[in-house]
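Notes follow the structure.
When reading the values below, keep in mind they use all heavy atoms of this one structure, side chains included, and skip hydrogens, waters and symmetry mates. This one's a predicted model, so the numbers in the text were calculated from it and none came from an experiment. For this chain, numbers begin at 1 and follow the sequence in order.
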Amino acid sequence: MQIEALKVTDYIKTEGTDNQGFGVSTSGIKDDSKANINIELRTLSVDNAFYDNKGKMTDEDFMDDVNEASALGMSTVEKVKNIENAWDEEATAKVREDGHDPMDMSEDTLITVVDEIKMNLAKAGADISKMGGLSSDEIEAMTGSVAQAVEMTRGLADKLPVETQAYLVKNDLKPTITNIYNATYSAPVNDKATGMEADEVIVDLLDNLGNKLDTLIDSVEGEHTQSALKATVATMVKQDVPITKEHLEYMVQLQDYEKPAEAAIVNAIGDIMAEGKEPTDAYLLPGYSLMDQAKKTFEEVMAMDVNDLPTITAKRQLTEIQLTMTVEATFTMMKNGIDVDTTNLSDLLDKLKLQETNLLQVLMKAENKEATNNNVKLFTQVMNEMAEIEASPAAGLARFSNINAETFSYVHEVSVSVTAEYSRMEMTYEAVGTEVRRDLGDSMTKAFRNVDDILADLDIEATESSRKAVRALAYNQMEITAESVTTVKATTEMVSRTFKIMTPAVVAEMIKRGDNPLDMTMEQLKAKAEEIKAEMGSTSDEESFAKFLWKAERSADITDSERDAYIGVYRLLHQVEKSDGAAIGALISQGTEVTLRNLMTAVRSAKHTGREYEVSDKFGQLNEMVVTDLSITEQIEKVFLTDRCRDAKEAMTPAKMKVFGEDAILSMNPDEFATAMEETLDEQSEIAYNQYVTEQLKTAIKADESVAAILDEYNVPHSANMIAAVEALISDNGKVIRDLYGRAARQQEMGIEDLINMAYERFSEACHNPDDMLEAQEALGDLAENVMKTMIETEDVRTIDMDGMKLVVQQTRAMQQMAATGETYHIPMMINDEAGAMSLRVVRGSGEVGLIKMALYLQSTGTISTTFRYEAGEVNASVECETAQMRQLFEEQADRIAGIMKDSTGYAFSFSFTRSMGLSAADIYNWDAGNIAVAEDVAKAREDTIQTQALYKIARGYIDVMAEIF
């Protein structure tokens, strides 16, 4: 055999020739840049603007710019897959606990939250490296892509045939399940290798190449001998595989390959799914997945010895890194395409710190980067100081004579001082944030044996809250009187209640609105927190009621009568809370015991003073309610019991109430009932509800491409709620009008036609400019919000009703966004006793040019779509009808229509009427404006009053036409 015939030199490329060239890479993976298939996630390199001119990322730029979600740069499909694979009921529980509604979160934020939760679990010692992993037994029972991936591996041999190895290397295919499977069954037999001399002969021939081949072999890391590597090179020559360092290293790995055990394959699938990829993309060789790389990097850092570092600064940085770093944090950075350099400790530490604040950066985003950073700092300070107050001795609150007037900062200052005082005295104490300290056991009982006797002498019921107040006074050696006990009790509840409301979501929103909690009085803080809480998704009254209903309907051991009774108690507490405790004040002023049963009677009687509420006839009513002025102590007690009503409403579940029964509950006062609900466990219903929300989220988040395009068109968030809302609008945008006004008509005891005609007139009168139309559209949203609130107070509704109404509310919010950003409006109208919506969209051109599209779909009319092109005082109109009957109706009245339009606008109109099958009113959302030169700066175009007047005059005129024709 001649060396020339082998053309060995063709296989060995010289250094620097290209990215496959000899000596280019030192990685065990052929191309490091491809280790992360999501490299399009905006990989940070020295060419990136975030780096200074020396190729080093500056700390300030990194903190300012690389602070988006871990979904940075992912495609929408990848984001959805990531959520489907990684989100679970634990994530739902966590975000709801923090005061957020996962259904209102964008895809980016959802992914960031998952990463944040997993990092926190890792720090707490949980093994999260296999989140999403399944056992082989579970795989057996599975169908779908995961089961398919495992099944594909069962058809693979324990070792890879040479042809398979060569196929993978030559075609630059990573060792994934799909690639190895395809290579196994697709790799051709190399006929060129048939009849060739033994490998030893080829090795001898390769020896003639001298140092070049030796240098290549020496550069390969691992424990293989030179002779073994030369044999591998010989195999590569026989299989026509170009000989590069990377190819040789990969070939060696494939030769050493042994098919993993099924449990290891399942783990590999879990790892790849955490990257947001398909199960069949899992790697069957170690070191390729981001999780493997993250573990390797983590092990390297943990193996570093602080004593080996030259400077104190470096030692401090490594110590902090080793305390902060987790596999998951490293994995998340790699998933973002961010380089994790273990040789630059300062840079690595900054990135780890960013990972900890990543979610805050997303949630606290402001108008500019400086404001965002300031918001994050203030948020962190508020949450830390709140935690320190909650951890301080509850007895310290007795030192405030008027907690409402004290600032948050001063309360924190005193609390820290009291904590230090107790620590010096080595005193065990009840903390502010502790509901009941049963763990203090006998020591607390023995120290305060006569508390109940003291309360009896003061004519105060011996509730846990009252006992806690007596203990606080005793700790501070203060006089124990009815007034002091009531004051301390109210102070403790006030602080506890305020902090309970101040979830991370509420605090974040408060700061984003420009309020500084540190400077606010406790009274101001509580009021502001309650205001924001009432507006937020997962903590709103509507969501809380929907959750309570859901649990009541799915508790198998609760009868219908019990369900109705428990819902009645929920509504009672809601009404007491909404009236700011008026019924409680009425009972106190009459000297009547404040039980839930008596509150039922008081609320029922209050209806005669103009209130809207009605409870049950079961409890009767007072003939007359006389309310006298309350003393200071009575006023404090009223506020305390009102807040306890709020606590009880948040803690109560049907299963907990079942433990006590209706009669026992109605005999309790609000404080006793709240304590009973807080101390009773009901984990199962909470887990079940979180699973229900998680299923809703994963179902809704899968947006069709057309829906995603509309969301982007109008700058609507890619949240599950908005996706579902826009999908419903596309399906039938008239249904939201029927659902909303149908329920509003029943609540207001009016005809639906009257309500819709009033709304129609409002839009007709508002059709002069975008601001007035937006205001009319917002009124639709206000109506939806009010209808839902009324459902809580008066209607006998079930979960299906609340879910339907929640969708209506979300649709009206989407409509508002469409009106605000895209001049697209939804006008309620009634035709032939059928309710629906006429959609109107204004598209601005340059100068005196513009388009208007109006679309209507009803069962009685089919789709009617009209396009107006306005240019310099002339209007061309094209009316397309889905049915021949409608086309004929419009054509017969063409002169009348043109006359009405000219009278209302002063413009000359040219109409054409056609029948078009397959029309959809939803086409208005992603309408192709054709050859019109759409204005680049819409905001500036809106300032053109002449164009605005013309376009809205045309729209208003056509609204009048529709009223005339139908």
Side-chain angles (χ1 to χ4, degrees), residues 67-84 87 91-92 95-96 98-116 276 358-367 372 375 504-506 508-509 512-513 532 535-540 542-543 693-694 696-730 733 736 774 777-778 780-781 784-785 806-824 826 922 925-926:
N67 59 11
E68 297 296 338
S70 66
L72 184 66
M74 281 187 184
S75 69
T76 300
V77 173
E78 289 171 327
K79 291 174 185 176
V80 171
K81 285 180 181 177
N82 192 290
I83 294 166
E84 288 178 340
W87 194 272
T92 297
V95 297
R96 290 180 62 83
D98 284 350
H100 299 285
D101 186 349
M103 299 290 288
D104 278 335
M105 287 179 160
S106 68
E107 297 155 338
D108 289 357
T109 309
L110 287 169
I111 294 169
T112 307
V113 169
V114 169
D115 288 337
E116 186 77 5
N358 197 12
L359 180 58
L360 294 184
Q361 295 278 4
V362 174
L363 298 180
M364 302 300 294
K365 198 172 183 70
E367 295 297 324
T372 296
N375 286 351
V506 169
E509 182 61 26
K512 285 168 69 175
R513 293 184 183 187
I532 293 173
E535 298 171 8
M536 300 201 70
S538 67
T539 53
S540 67
E542 296 79 24
E543 186 60 36
V693 173
T694 301
Q696 281 193 316
L697 172 69
K698 289 187 175 183
T699 299
I701 205 71
K702 301 175 186 176
D704 185 82
E705 285 185 14
S706 60
V707 176
I710 293 171
L711 296 172
D712 293 336
E713 173 87 13
Y714 293 98
N715 198 26
V716 177
H718 282 246
S719 68
N721 274 333
M722 285 296 101
I723 290 171
V726 171
E727 283 179 338
L729 286 176
I730 292 175
N733 65 16
V736 59
L774 176 58
Q777 197 72 71
E778 288 173 343
L780 215 62
E785 299 277 0
K806 282 194 290 184
L807 178 60
V808 169
V809 170
Q810 296 302 329
Q811 286 177 280
T812 59
R813 289 176 181 169
M815 290 175 176
Q816 290 175 39
Q817 182 67 12
M818 290 175 171
T821 61
E823 291 186 85
T824 300
H826 298 79
Y925 300 125
N926 46 20

What verdict does the side chain to side chain contact (heavy atoms under 4.5 Å, CB included) test give for L697 and L110, after you've listed the backbone C-alpha separation in whole Å, the side-chain angles of each residue and the deciding distance to 0.1 Å? CA-CA 10 Å; L697 172 69; L110 287 169; 4.0 Å; yes

Using side chain to side chain contact (heavy atoms under 4.5 Å, CB included), reason through Q817 and N715 one step at a time and then give a plain yes or no. CA-CA 8 Å; Q817 182 67 12; N715 198 26; 4.0 Å; yes

Assess whether side chain to side chain contact (heavy atoms under 4.5 Å, CB included) is satisfied between Q810 and D104, documenting all intermediate values. CA-CA 10 Å; Q810 296 302 329; D104 278 335; 4.0 Å; yes

Step by step, would you call L729 with M815 a side chain to side chain contact (heavy atoms under 4.5 Å, CB included)? CA-CA 9 Å; L729 286 176; M815 290 175 176; 3.6 Å; yes

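Smallest separation of non-hydrogen atoms from A728 and Q811: CB-NE2, 3.4 Å. Between E535 and R513, the closest heavy-atom pair is OE1-NH2, 2.5 Å. Smallest separation of non-hydrogen atoms from V707 and I723: CG1-O, 4.1 Å. Summarising the geometry of Y925 relative to H826, their closest heavy-atom pair is OH-NE2, 2.8 Å, with the distance given to 0.1 Å. The shortest non-hydrogen separation linking W87 to P102 is CZ2-CB, 3.9 Å. Nearest approach of D712 to H718, heavy atoms of both residues: OD1-NE2, 2.7 Å.
Contact check for E543 versus K806: side-chain heavy atoms found under the 4.5 Å cut-off. For the pair E107 and I701, the minimum side-chain heavy-atom distance is below 4.5 Å.
Between the OG1 atom in T824 and the CD1 atom in I710 there is a gap of 10.0 Å [rounded to 0.5 Å]. E727 CD to D704 CG: the interatomic distance, rounded to the nearest 0.5 Å, is 7.5 Å. The CE atom of M103 sits 5.0 Å away from the CD atom of Q696 when rounded to the nearest 0.5 Å.
With hydrogens and angles left out, the side-chain atoms of S719 and N721 include no donor and acceptor closer than 3.5 Å.
The salt bridge (Lys or Arg N to Asp or Glu O under 4.0 Å) analysis of residues 811-822, with sequence neighbours excluded, yields the pairs E785-R813.
For K702, the salt bridge (charged side-chain N to carboxylate O under 4.0 Å, His left out) partners at least two apart in sequence or on another chain are E84. Among residues two or more places apart in sequence or in another chain, the side chain to side chain contact (heavy atoms under 4.5 Å, CB included) test is passed with A819 by L774, Q777, Y825.
Between the S106 side chain and the P717 main chain, no donor and acceptor come within less than 3.5 Å of each other. Judged purely by atom type and a 3.5 angstrom limit, D98 has no side-chain atom pairing as donor or acceptor with the backbone of H100.
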